Chemist: 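To start, I am sharing the structure in question, which I have written as C-alpha cells.
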Protein chains: 2
Amino acid sequence: MTKNPGNVEKLIRVSSDIPRKTVYRLSLYLRCLGLMVARRESIVSSAALASVAGVQPAQLRRDLAYCGPLGKRGTGYEVVTLRNRLEEILGRASLQPVILVGVGNLGQALLSYKGFAREGFEIVAAFDLKPQKQMEGRMGVRGMGSMKGLVQRREIRMAILCVPGSSAQSVAEQLCEVGIQAILNFSPVVLHLPETVAVNNVNLAIELENLSYFAR
Amino acid sequence: MTKNPGNVEKLIRVSSDIPRKTVYRLSLYLRCLGLMVARRESIVSSAALASVAGVQPAQLRRDLAYCGPLGKRGTGYEVVTLRNRLEEILGRASLQPVILVGVGNLGQALLSYKGFAREGFEIVAAFDLKPQKQMEGRMGVRGMGSMKGLVQRREIRMAILCVPGSSAQSVAEQLCEVGIQAILNFSPVVLHLPETVAVNNVNLAIELENLSYFAR
DNA sequence: TAGATTGTTAATCGATTAACAATC
DNA sequence: TAGATTGTTAATCGATTAACAATC
C-alpha cells in the first residue's frame with residue numbers, strides 16, 4: 001500500500017502470501033537469471049526472460065510484481081538486482097542443512113548426487129530403519145533413534161524421504177515429531193500430515209507413466 | 001453422447017482428450033488401487049479412494065468419469081476392474097523401453113535405481129557425450145552416434161535426460177531428431193521443443209528450494 | 001518528445017467443488 | 001422400498017492472459 005515501506009516491513013510482507021505456483025516459478029526465473037549473470041547481461045525485458053523460462057511475459061510480470069516493483073518502465077529489469085532480490089525472497093542466503101531418510105536404492109542414488117550442494121543444500125546425515133547398510137560416500141548411515149537429537153541440535157527443518165511406500169506414512173510422522181517442517185517425498189504414497197508441514201512429492205514412476213501416455 | 005458406444009469407439013474416445021492433470025491423478029489412483037488389491041479389498045467408494053489419494057471425492061469421480069462409467073451407484077467401484085481399466089488407459093500393458101542420456105552424477109544415480117523396472121519401464125541403453133565413462137551396472141555407456149540406430153530398431157519413444165544445463169537444449173533436439181516423443185527432463189533448463197514432443201520436468205534443486213521457502 | 005516496457009486491471013480460461021438427480 | 005453412492009450439472013474458485021495507462 002505505502003510506497004516505500006522500508007526493509008523490515010518489506011521482508012514481513014513478502015514472506016506472507018505469494019501463491020505457491022508463483023514461488024515455484026520464481027525459482028525458475030532465478031536459474032535463468034543465473035545464466036544471464038554468467039553471460040554478463042545487465043538488463044533483461046520481461047519478454048526475453050519469459051521466453052527463456054518458457055512462460056508468458058504477462059505471467060512473468062505478474063509473478064515479479066509480488067516481489068515489489070523491480071523493473072524500470074521503458075527499459076526492463078536489471079539482471080543482478082533482480083537475481084539478488086529473488087535469492088533474498090527464496091531464502092537462498094545461507095546453506096540449508098537437510099537430512100535424508102531411507103537409504104535404499106533411490107536414497108543411495110540421491111546421496112551420491114552432488115547437485116544439491118551446488119544449489120545451497122547440504123545433506124548432513126542419512127538415516128535408515130535398518131542402519132546396517134553399508135557406508136555410503138563419506139557419510140555413515142544412522143538408526144532412527146539418533147535423529148531427534150541431531151535435528152534439534154542443528155535446527156534442521158527439511159528432510160528428503162526415500163523409504164518404501166509401506167513405511168512412508170509412519171516415518172513421515174516421526175519426522176514431524178522431531179520437528180521437521182518440510183519434506184521432499186520420493187516414496188510412492190500420499191502422505192497425510194498436519195497442514196503446517198510442507199510436502200513436495202516427486203514420483204519418478206508416475207512421471208514416466210504420465211509421459212508414456214502422451215507418447216501414445 | 002450415445003449411451004453405449006461399444007468397445008472400439010470407447011477406446012478411441014478415451015485416448016483423445018483427458019486433461020493432463022487428470023491423467024496424472026489417474027496414475028495416483030492406480031497406485032492406491034494396487035495397495036487395495038494387495039489387501040484383498042473388492043469394493044471401494046469414491047470417498048475412501050479419494051481419502052487415500054489425498055483428493056476430494058467429487059474430483060475423483062469426475063476424473064474417473066473420463067474413463068467411462070465404471071462405478072455402481074449405491075455401491076462404489078470394483079477394485080480389480082477399476083485397476084485394470086486404469087492400466088489399460090495409461091498403457092501399462094507392456095514393458096516400455098527407455099533410454100537414458102547423460103551419465104553424470106544424477107544419471108548414474110538413476111541408472112542404479114531399480115524402481116523403474118518395478119513400474120514397467122526398462123532402461124535399455126545409456127548414452128553420454130563423453131562415453132569413456134566407466135561402465136555402470138550391467139550396462140555399457142555409448143556415444144551419441146549409436147543412438148539413432150538403436151532408437152529406431154527398438155522403436156523407443158521415451159528418454160530420460162540428465163545432461164548438464166549447458167548441453168540440454170542441443171541434446172534434446174538430437175533426441176527429437178532420432179524420433180523420441182517424450183522426455184523426462186532432469187536438467188535444470190527449460191527445453192524449447194516442438195509441441196508434438198511431451199516433456200515432464202523434474203528439478204530437484206527447485207523442489208528443495210521451494211520447500212525451504214515454505215519451511216520459513 | 002517518441003518509443004518502449006513495466007505494473008495492474010479487467011476479461012478469460014480452466015480446474016475444482018458442491019449439490020443433486022439418477023439409479024443400484 | 002429405503003439407503004447409499006455414482007455421474008453430472010451448475011457454481012465457485014483461482015490462475016492465466018490480454019490490454020493499456022503509467023512512466024521511464
Side-chain angles (χ1 to χ4, degrees), chain A residues 1-5 10 13-14 16-29 33 36 41-79 81-82 85-86 89 190 210, chain B residues 1-5 10 13-14 16-29 33 36 41-79 81-82 85-86 89 190 210:
Chain A
M1 293 294 136
T2 47
K3 271 286 179 62
N4 219 341
K10 220 192 282 179
R13 167 105 26 88
V14 151
S16 54
D17 46 20
I18 304 180
R20 187 147 187 154
K21 287 193 157 184
T22 294
V23 174
Y24 197 92
R25 284 191 297 263
L26 292 181
S27 282
L28 201 60
Y29 306 151
L33 289 164
M36 292 170 177
E41 298 171 22
S42 63
I43 301 285
V44 68
S45 69
S46 61
L49 182 51
S51 158
V52 174
V55 302
Q56 295 296 318
Q59 177 163 74
L60 176 99
R61 292 201 298 275
R62 169 154 277 229
D63 285 340
L64 294 184
Y66 286 106
C67 310
L70 286 163
K72 192 185 267 189
R73 294 177 193 224
T75 308
Y77 300 87
E78 213 278 303
V79 173
T81 308
L82 185 54
R85 182 80 182 107
L86 293 188
I89 288 170
V190 176
N210 184 258
Chain B
M1 293 296 137
T2 47
K3 271 284 179 62
N4 218 341
K10 220 194 279 178
R13 167 106 27 89
V14 152
S16 55
D17 44 21
I18 303 180
R20 188 151 186 149
K21 286 192 158 184
T22 293
V23 174
Y24 197 92
R25 285 190 296 263
L26 292 182
S27 282
L28 202 59
Y29 306 150
L33 288 165
M36 291 170 178
E41 299 171 21
S42 64
I43 300 286
V44 68
S45 70
S46 62
L49 183 51
S51 159
V52 175
V55 303
Q56 295 297 317
Q59 177 163 75
L60 176 99
R61 292 200 300 275
R62 168 152 278 229
D63 286 340
L64 293 184
Y66 285 107
C67 310
L70 286 163
K72 192 184 267 190
R73 293 176 193 225
T75 309
Y77 301 87
E78 213 279 303
V79 173
T81 308
L82 184 55
R85 182 80 182 107
L86 292 188
I89 288 170
V190 176
N210 185 258

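In what follows, chains are A, B, ... by sequence order, proteins preceding strands, each numbered from 1. It should be emphasised that the depicted structure is a prediction, and the values quoted were computed from it without experimental measurement.
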Chemist: A:Arg61 has an atom CZ; how far is it from atom P of D:dA22, in whole Å?
Modeler: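 Those two atoms, CZ and P, are 16 Å apart.
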Chemist: Taking CZ from B:Arg20 and P from C:dG14, how many angstroms apart are they, rounded to a whole number?
Modeler: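 B:Arg20 atom CZ is separated from C:dG14 atom P by 15 Å.
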Chemist: Counting only side-chain heavy atoms from C-beta out, which of C:dC24, C:dT9, D:dA15 sits nearest to B:Arg73?
Modeler: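 Looking only at side-chain atoms, B:Arg73 lies closest to C:dC24.
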Chemist: Could you check if a side-chain atom of A:Leu49 sits within less than 4.5 angstrom of a side-chain atom of A:Met36, using non-hydrogen atoms only?
Modeler: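 The answer is yes; the side chains approach within 4.5 Å.
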Chemist: To the nearest Å, how far apart are A:Leu49 CG and C:dT6 C1'?
Modeler: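 For the pair A:Leu49 CG and C:dT6 C1', the rounded distance is 13 Å.
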Chemist: What base-paired stems does DNA chain C take part in, with at least 3 consecutive Watson-Crick or G-U wobble pairs and both distances under 3.5 Å?
Modeler: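 Runs of three or more consecutive pairs: C:3-24 with D:3-24.
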Chemist: C:dT17, D:dG7, D:dT16: which one has an atom nearest the side-chain heavy atoms of B:Gln56?
Modeler: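 Selected nucleotide (nearest to the side chain): C:dT17.
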Chemist: Can you tell me the distance, in whole Å, between the NZ atom of A:Lys21 and the C1' atom of C:dA15?
Modeler: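 It works out to 9 Å between those atoms.
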Chemist: Rounded to whole Å, how long is the line connecting atom OH of B:Tyr24 with atom C1' of C:dT16?
Modeler: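 Going from B:Tyr24 (OH) to C:dT16 (C1'), I get 18 Å.
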Chemist: Side-chain N or O of A:Tyr66 versus OP1/OP2 of C:dT8: is the shortest distance under 4.0 Å?
Modeler: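 For A:Tyr66, the contact criterion (side-chain N or O under 4.0 Å from OP1 or OP2 of C:dT8) is not met.
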Chemist: Provide, to the nearest angstrom, the distance between the CG atom belonging to B:Leu60 and the P atom belonging to C:dT16.
Modeler: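 That distance rounds to 12 Å.
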Chemist: Looking at B:Thr75, does any N or O in its side chain come under 4.0 Å of the phosphate oxygens OP1/OP2 on D:dT5?
Modeler: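 B:Thr75 to D:dT5 OP1/OP2: no side-chain N or O under 4.0 Å.
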Chemist: Please tell me which of the listed nucleotides, D:dT9, C:dT8, D:dT8, lies nearest to the side chain of B:Arg62?
Modeler: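 Within the option list, the nearest is D:dT9.
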Chemist: Expressed in angstrom and rounded to an integer, what is the separation of A:Leu70 atom CG from C:dT8 atom P?
Modeler: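 Rounded to whole Å, this separation is 11 Å.
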Chemist: Taking all atoms of both residues into account, what is the closest heavy-atom pair of A:Ala50 and A:Leu60, and its distance?
Modeler: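 In this case the closest contact between A:Ala50 and A:Leu60 is CB-CB, 4.2 Å.
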Chemist: Within a strict 4.5 Å, meaning less than it, do heavy atoms of the B:Asp63 and B:Val55 side chains meet?
Modeler: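 Of all side-chain heavy-atom pairs linking B:Val55 with B:Asp63, none is under 4.5 Å.
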Chemist: Any side-chain heavy atom of A:Asn210 within less than 4.5 Å of one from B:Leu26?
Modeler: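 Sidechains of B:Leu26 and A:Asn210: no contact.
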Chemist: Would you mind reporting whether B:Leu64 and B:Tyr77 have side-chain heavy atoms less than 4.5 Å apart?
Modeler: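 Sidechains of B:Leu64 and B:Tyr77: in contact.
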Chemist: What's the CD-P distance between B:Gln59 and D:dG7, to the nearest Å?
Modeler: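 So the CD-P distance, B:Gln59 to D:dG7, works out to 15 Å.
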Chemist: Which nucleotide in the set C:dG7, C:dA15, C:dT16 lies at the smallest distance from any side-chain heavy atom of A:Pro69?
Modeler: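 So the nucleotide nearest the side chain must be C:dG7.
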Chemist: At 4.0 Å (heavy atoms only), tell me whether B:Arg25 reaches a base, stays on the sugar-phosphate, or touches nothing.
Modeler: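 If one applies the 4.0 Å heavy-atom cut-off, B:Arg25 turns out to touch the sugar-phosphate alone, with no base involved.
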Chemist: Looking at every heavy atom in both A:Val190 and B:Ala53, which two are closest together, and how far apart are they?
Modeler: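 Closest approach of A:Val190 to B:Ala53, heavy atoms only: CG2-O, 3.5 Å.
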Chemist: Reading DNA chain C from 5' onward, which residue's closest nucleotide shows up sooner: B:Ala58 or A:Gly76?
Modeler: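 This one resolves to A:Gly76.
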Chemist: Would one find a side-chain N or O of B:Ser45 under 4.0 angstrom from OP1 or OP2 of D:dT5?
Modeler: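 No, because none of the side-chain N or O atoms of B:Ser45 sits under 4.0 Å from OP1 or OP2 of D:dT5.
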Chemist: Using side-chain heavy atoms (C-beta onward) and a distance below 4.5 Å, is A:Ile18 in contact with A:Ile89?
Modeler: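 Heavy-atom side-chain distance check passes, below 4.5 Å.
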